[in-house]
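Shown next, in structure tokens, is the structure this report addresses.
This chain uses plain numbering: 1 for the first residue, then up along the sequence.
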Amino acid sequence: MMPSTHDWINNPLGVVEGMFAASQNNPNSGWEAKVVEFFKEQLKENDARTGVPSLNDVPLHYLKPNSLVKFRCLIQDMFDPEFYMGVYDTVDPSTKAKVLHCGKYKDVTECGVDFNSRNTVTAERQTFYCVPIPGENPWVKESYAGSSQARVVPSTSYAPTRQKRSYEEDDDMDTQPQKQREPHTGPQSPTEQHGNGDCKRQEKEAPSSQTASASHLDLNFPLPGEKGPSCLVKVYEDWDSFKLNDTLEVYGILSVSPALSALADEKDASSFLLDPTECMETAEEQRVHSPPASLVPRLHMLYAKPLPHNNPLLPFATLEDNGAFVSSTLSEMASVRAELLTYFTHVLLGDALAAEYLILHLISNVYSRRDVLPLGKFTLNLSGCPTVASYTERFYQIIQQLVPSSYYLGMSLQNMNQMRLVPKKDYVANRLVSGVLQLAGNTSLFLDETQLEQGQLDTTGVSNITALGNLISWQKVDYDFNYHQMEFPCNINVLIVSEARSLLPSDCQIHLQSQVTPPHLEEYLSAIHMLPQASSQLNKFRIYLSVARLLDYSISDEVTKSVEDDFVDMRKDDPQSISAEDLHRMLVVARLLSLSLGQSSLSRDSWLRAKHIEMLRRSRMEQHKCVNGNEP
């Protein structure tokens, strides 16, 4: 049984209305805060949390209208605040009896509103346009869906004439000009498999007229070809605490009332109190801000938890609150790292040094900003990648199996000249049109420069390359607001694979030294793809990479002094041999090396190890430069 006499998942409005009714005898009861507190308390129980159905893995028509649902999402856009009837009276036409109602967490008022009542209270709420976390990988979706305890059956509460289309089946509604080709991994391809637990979507295709109306609506996903629900989230408290591109798990009351579409069409003030500003909306703006509820449901937020990560294998609570999990994970960090190093050495054609740097890259994270400088970023350029046997695409598929969110961007001339990477404000529809670089924090962006061919970059191509350079150097994306640009900080792990040195900047370049001769490459790569087969092994790697990114880190005064002395010594014989930039990179490598071993502070050993691998990498780059004199 649920930990409440109320069935708070199936009928959350019952809880709200009960508290509202009780508050009428005590105007200072603070009932609104008590409602939020009640649901927070219920959701603290982990079993209760998994009992709440998720919009991410249950088709909309399986969910009960006005029930409590959750949604793992990114805030893609924020609309203007809107007014609604917080409290209002209705009059029974036959008895003339008045009844007081609460309009909170609802889209539509009851019939018979008394517009002249003195009890009417107009309140304000904010609307966020939210989309599923861009680039979330299939193993993440499947794991979240598999852990759900929610019991759902197809809803029978609507008239059968409504559109019964799950979001998975809507045709690509993304109007991005270039469909990005995802590398395929059989059933694991992101465009083919979206974990949805036991509840498989077996809906028939909608008639073509419905398809046309659905396709007319651009759901504005940042990445082309993505599927999943988008949602208008109505926020009642503390909306200033949320920012664009935040990732959240939202718990709220689902509203899919067919009346919403009719009301949007009719604009009938007698049945629905309009925001006065809506009268000034353009048709385009109305289409974007009031899409059909059957395609874009409304979710009235009761509670939202910011997500520091979206790895379903980690505890839901923060690491600080999970001492047992952290201590057992930390005790295994060194051994899991050794296994991962062996695996990556295989993947990187026998190159153990490149494998070291790949681990450091994957656990890097912007942990702070000093003025404009993002601290902790570690963009890696892996040059010398083979162009045969789809090596880079297979390499991406391996990364995709290990990190929660990722995106493969083939840097072909066509993609660079046609794709929209930077979000742009559309003033006619009053919305932010998304772009590929509107990604959640901790997303792995895989840039495949081996796809680049001879040709001319046009204006779009040049601005896209500039945007990628700014992302790498400053961890920011300048969104296009037509008359000005607005800077949005981000935290995106960029891995650049290329034949020669990348044309983009990077924090560290390492040239791949393959131990595999070309005739055996195809066979070797096919074997790699099968490793590791055990999901338990993969899960160990997935937990390891996420935990290493979340650990705290510090350097003691003693070690700082030792590092400074070392730097002075290194420059003694040849001041040109090492620069301040080299020292900074060594300190970043030392930090990541420590974290990769589960150590939260820098030891003398880790510092010496960082110096050693940096020396090896730099001498390799010097040798490569001598052999290939024309390479920059």
Side-chain angles (χ1 to χ4, degrees), residues 60 75-85 103 106-109 113 115 122 124-131 158-159 161-163 165 167 170-177 206-222 224 226 228-235 244 255-300 420 422-435 438 479-484 486:
L60 193 55
I75 301 176
Q76 189 275 320
D77 200 357
M78 293 173 156
F79 296 157
D80 296 330
E82 65 183 23
F83 295 102
Y84 71 99
M85 277 189 165
K106 296 177 193 170
D107 285 301
V108 184
T109 58
V113 175
F115 287 104
T122 303
E124 194 180 20
R125 61 190 174 200
Q126 178 66 283
T127 304
F128 297 161
Y129 187 81
C130 295
V131 296
Y158 290 167
T161 52
R162 78 191 190 289
Q163 282 186 308
R165 288 173 60 77
Y167 48 77
D170 295 325
D171 292 321
D172 283 343
M173 293 177 204
D174 201 301
T175 55
Q176 300 279 8
S208 56
S209 61
Q210 291 187 358
T211 309
S213 66
S215 302
H216 178 56
L217 186 73
D218 169 14
L219 294 183
N220 212 9
F221 295 130
E226 292 248 301
S230 55
C231 205
L232 287 175
V233 176
K234 307 284 183 177
V235 187
L244 198 70
S255 170
V256 285
S257 170
L260 283 170
S261 303
L263 289 166
D265 293 341
E266 292 167 20
K267 294 285 184 186
D268 182 358
S270 63
S271 60
F272 187 55
L273 184 71
L274 287 176
D275 179 342
T277 57
E278 280 192 9
C279 304
M280 299 183 288
E281 280 188 348
T282 62
E284 183 69 12
E285 191 172 348
Q286 191 192 321
R287 189 179 68 81
V288 164
H289 291 234
S290 308
S294 57
L295 287 173
V296 182
R298 279 52 165 174
L299 191 57
H300 294 266
R420 183 169 54 240
V422 174
K424 179 181 172 72
K425 180 75 175 182
D426 175 349
Y427 286 96
V428 176
N430 191 16
R431 70 160 177 175
L432 183 67
V433 178
S434 194
Q438 191 175 12
Y479 290 16
D480 181 359
F481 279 73
N482 290 22
Y483 310 107
H484 66 285
M486 198 176 287

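Minimum heavy-atom separation, L219 to G228: CD1-O, 4.5 Å. Minimum interatomic distance between V131 and P222 (heavy atoms only, all atoms of both residues): CG2-CD, 4.0 Å. Shown here for M85 and F115, the closest heavy-atom pair between the two residues is CE-CE2, 3.6 Å. Between R125 and G103, the shortest heavy-atom contact is NH1-O, 4.5 Å. Heavy-atom minimum distance, A293 versus R298: CA-NH1, 3.6 Å. Between S230 and P297 the shortest heavy-atom distance is O-CD, 3.3 Å.
Panel note: side chain Q126, backbone M78; no donor-acceptor pair is recorded below 3.5 Å. Judged by distance alone, the side chain of N220 and the main-chain N or O of L432 form a donor-acceptor pair under 3.5 Å. Not a single donor-acceptor pair under 3.5 Å links the side chain of Y129 to the backbone N or O of H289. Side chain of R431 to main chain of E285: no donor-acceptor pair is present (N/O by atom type, distance under 3.5 Å, no hydrogens or angles).
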Step-by-step side-chain contact (heavy atoms from CB on, under 4.5 Å) determination, D107 to K234:
CA-CA 9 Å; D107 285 301; K234 307 284 183 177; 3.9 Å; yes
Determine whether K106 and Y84 satisfy the following criterion, side-chain contact (heavy atoms from CB on, under 4.5 Å), listing intermediate values before the conclusion.
CA-CA 9 Å; K106 296 177 193 170; Y84 71 99; over 6 Å; no
Mind running side-chain contact (heavy atoms from CB on, under 4.5 Å) on Q438 and L244 for me, showing each step along the way?
CA-CA 10 Å; Q438 191 175 12; L244 198 70; 4.2 Å; yes
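For Y427, there are no ring pair (Phe, Tyr, Trp, His ring centres under 6.0 Å) partners two or more places apart in sequence or in a different chain. Looking at residues two or more places apart in sequence or on another chain, you find a side-chain hydrogen bond (donor to acceptor under 3.5 Å, both in side chains) between D480 and K424. In this structure E124 satisfies the side-chain contact (heavy atoms from CB on, under 4.5 Å) test together with P81, F83, W239, sequence neighbours excluded. In this structure, the ring pair (Phe, Tyr, Trp, His ring centres under 6.0 Å) partners of F128, at least two apart in sequence or on a different chain, are F242.
Counting heavy atoms from C-beta on, the side chains of P224 and R420 never come closer than 4.5 Å. Residues P291 and L232 meet the side-chain proximity criterion, which asks for heavy atoms closer than 4.5 Å.
Each of D77, N430, N482 was scored for a side chain to side chain donor-acceptor pair (under 3.5 Å) with K425, with one residue passing: N430.
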